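Report on one structure; see the data block that follows.
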Amino acid sequence: MDMNERITSVLLIAVVALGAMTGVAAADGHLEVGVETDADGTSTVTVTDNGTAVENATVNVSVVDAENESYAGAGEYETDANGTVDLEAPEEDVTVDIAVTSGNDSVSTTADLEAPDGLELAVDDTDGEPVVTVTDNDTAAENASVTVTTADENASYEGTGDYQTDENGTVGLPAAEEDVTVTVTAEYGDDSVSETVELEAPDGLELDVADTDGEPVVTVTDDDDPVEGATVVVALADDADENASYAGTGEYETDANGTVELPAGEEDVSVDVSASYENETVSTTVELTAGEDDALEGTPFGQLMRDFIENISDRDGGIGGAVSDFATENNPGNAPDHAGNGSDDGNASDAPGNAPEGVGNGSDDSERGPPDHAGPNGDDAEDDETEADDTEQEDAEEDDADEEDDDDDDDDEDDDEDDEDGESGPPDHAGGPGGN
């Protein structure tokens with residue numbers, strides 16, 4: 001082989017080797033595309049090859065569902081030195097296809113582009129002290145202009161006027177004194193947004209009285225939250241019966257739950273309940289209904305007394321008088337209303353064992369003896385005593401009164417005859433002291 005042939009062979013080998021190296025590079029190459037969307041709705045397409053930015057790559061953007069969606073950013077672009085292409089924000093959500101070509105390589109992907117939220121406002125706490133919040137693409141809009149007007153020109157609201165948002169994008173408004181509809185408008189940059197909202201007057205201080213037919217519970221709230229330390233005053237209502245009474249009258253203070261427990265009414269009674277807290281006062285009139293006597297029947301008096309004292313223990317001004325009244329009214333040792341001393345006017349002279357007026361010790365003015373029909377064994381006297389006992393029993397047992405009316409009438413007639421016979425001396429048929 002001569003020198004020329006050797007040179008030709010070497011050149012051929014070199015070309016083959018170079019061709020082989022170029023093929024590996026092409027095979028190892030990898031074109032990639034990525035899409036990132038910012039809060040303002042704009043998107044950035046980035047093209048790389050083996051992690052290196054690809055300049056001058058062709059990027060084609062098209063709408064996937066062209067019949068139902070549109071996108072002003074559709075078209076053909078060329079990457080810059082950073083391998084990027086900027087896409088504008090869509091006016092509405094849209095899905096696009098992004099196809100990239102660089103040299104002999106190509107790659108494509110789809111991306112969902114979301115329309116930016118833009119300028120937004122929200123009004124919270126519409127039933128208290130409203131708070132307006134303004135955001136631009138979900139970011140607090142500081143120094144945005146806020147205008148509040150009433151929707152009805154005849155309505156009034158203390159919070160109408162112009163405001164400017166703070167660093168948190170918020171504006172605080174005063175609570176409405178009455179329900180009102182307002183329009184809130186926010187302006188920021190070149191954008192503006194409006195909302196119409198219903199503002200409700202807060203509930204303020206309120207009180208409720210529950211269990212009026214048992215042991216009443218007073219609950220005090222302020223804007224629906226329990227009020228601790230509120231002053232509660234209970235008094236007989238102006239229209240209450242002049243003889244009415246209630247052991248629960250007095251001044252109290254609510255606990256952590258905003259409540260005050262009152263004793264049960266001993267009788268049906270109308271009471272005024274008022275609650276004061278800070279600079280507010282609220283009151284109501286309720287009818288307390290006495291519970292059924294059966295509910296307390298069988299309960300020891302001592303237990304009743306302890307429960308009563310516990311119920312009024314937090315009342316201001318002392319509880320001695322109320323306890324005394326309760327004891328007087330509920331002590332089981334007290335005689336019933338119909339029990340007495342044997343006479344209508346409380347005189348004990350006619351009680352069993354006491355001689356009626358005019359009967360003495362056998363003196364001339366009041367000498368008496370047994371009636372003529374009395375026997376030596378005093379049977380008639382015993383009968384009289386039995387009848388007297390029966391009469392007392394009949395008075396005490398009101399349920400049997402209808403069955404024994406005849407006996408009562410006979411006894412009354414005997415008493416009348418005694419009264420008519422005179423103030424002293426034995427009846428006509430009575431004998432002398434010896435009973436003859």
Side-chain angles (χ1 to χ4, degrees), residues 207-220 227-277 281-348 351 392 395-399:
L207 71 81
D208 175 72
V209 183
D211 297 331
T212 55
D213 57 350
E215 294 182 345
V217 177
V218 179
T219 302
V220 182
V227 176
E228 181 179 4
T231 299
V232 174
V233 177
V234 180
L236 292 176
D238 292 338
D239 59 353
D241 187 275
E242 60 180 5
N243 295 321
S245 64
Y246 175 52
T249 58
E251 185 173 303
Y252 304 82
E253 187 173 282
T254 56
D255 57 18
N257 299 316
T259 61
V260 166
E261 295 182 357
L262 302 176
E266 296 296 322
E267 58 183 335
D268 294 352
V269 63
S270 179
V271 296
D272 290 331
V273 182
S274 64
S276 300
Y277 182 69
T281 300
V282 63
S283 62
T284 186
T285 300
V286 295
E287 296 291 334
L288 303 184
T289 305
E292 294 293 336
D293 292 339
D294 293 341
L296 298 177
E297 187 174 352
T299 303
F301 175 71
Q303 181 64 45
L304 294 176
M305 178 62 76
R306 285 193 295 272
D307 292 343
F308 177 79
I309 293 175
E310 181 178 352
N311 287 335
I312 65 171
S313 59
D314 58 348
R315 183 174 64 173
D316 294 340
I319 64 174
V323 172
S324 177
D325 292 342
F326 182 85
T328 301
E329 295 175 3
N330 295 275
N331 191 334
N334 290 338
D337 293 339
H338 62 269
N341 52 16
S343 65
D344 294 337
D345 59 2
N347 191 328
E392 291 181 1
D395 290 341
E397 298 176 356
E398 294 180 357
D399 293 339

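The figures that follow rest on heavy atoms only: side chains count, while hydrogens, waters and symmetry mates do not. None of these values were measured; they are calculated from a predicted model.
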Provide the closest heavy-atom pair for Gly229 versus Glu253 in the form atom of the first, atom of the second, distance.
CA-CG, 3.6 Å
Note: Ala290 and Asp268 closest approach over all heavy atoms is N-OD1, 2.8 Å
For Val282 and Leu207, which heavy atoms make the closest approach, and how far apart are they?
O-CD2, 3.4 Å
Without hydrogens or angle criteria, can the side chains of Glu287 and Ser270 be said to hold a donor-acceptor pair below 3.5 Å?
yes
Ignoring hydrogens and geometry, is there a side-chain-to-backbone donor-acceptor pair from Thr259 to Val218 under 3.5 Å?
no
Quick test of your reading: applying ring-ring contact (aromatic ring centres under 6.0 Å, His included), list the pairs with at least one residue in residues 302-327, sequence neighbours left out, ordered by first then second residue.
Phe308-Phe326
Ignoring hydrogens and angles, write down the donor-acceptor pairs under 3.5 Å from the side chains of residues 233-248, residues two or more places apart or on other chains.
{"residue": "Asp241", "atom": "OD1", "partner": "Asn243", "partner atom": "N", "Å": "2.8"}
{"residue": "Ser245", "atom": "OG", "partner": "Glu267", "partner atom": "OE2", "Å": "3.4"}
{"residue": "Tyr246", "atom": "OH", "partner": "Pro263", "partner atom": "O", "Å": "2.6"}

Is there a donor-acceptor contact under 3.5 Å from the side chain of Thr328 to the main chain of Ser324?
yes
Take a 6.0 Å sphere around CD of Glu261 and say whether it holds more than 12 heavy atoms from other residues, nucleotides or ligands.
no
Nearest heavy-atom neighbours spanning Thr254 and Val227
OG1-O, 2.8 Å
Any chance you could measure Glu215, atom CD, to Asp307, atom CG, to the nearest 0.5 Å?
7.0 Å
side-chain contact (heavy atoms from CB on, under 4.5 Å) with Val273: which of Val232, Val260, Leu288, Asp208?
Val232
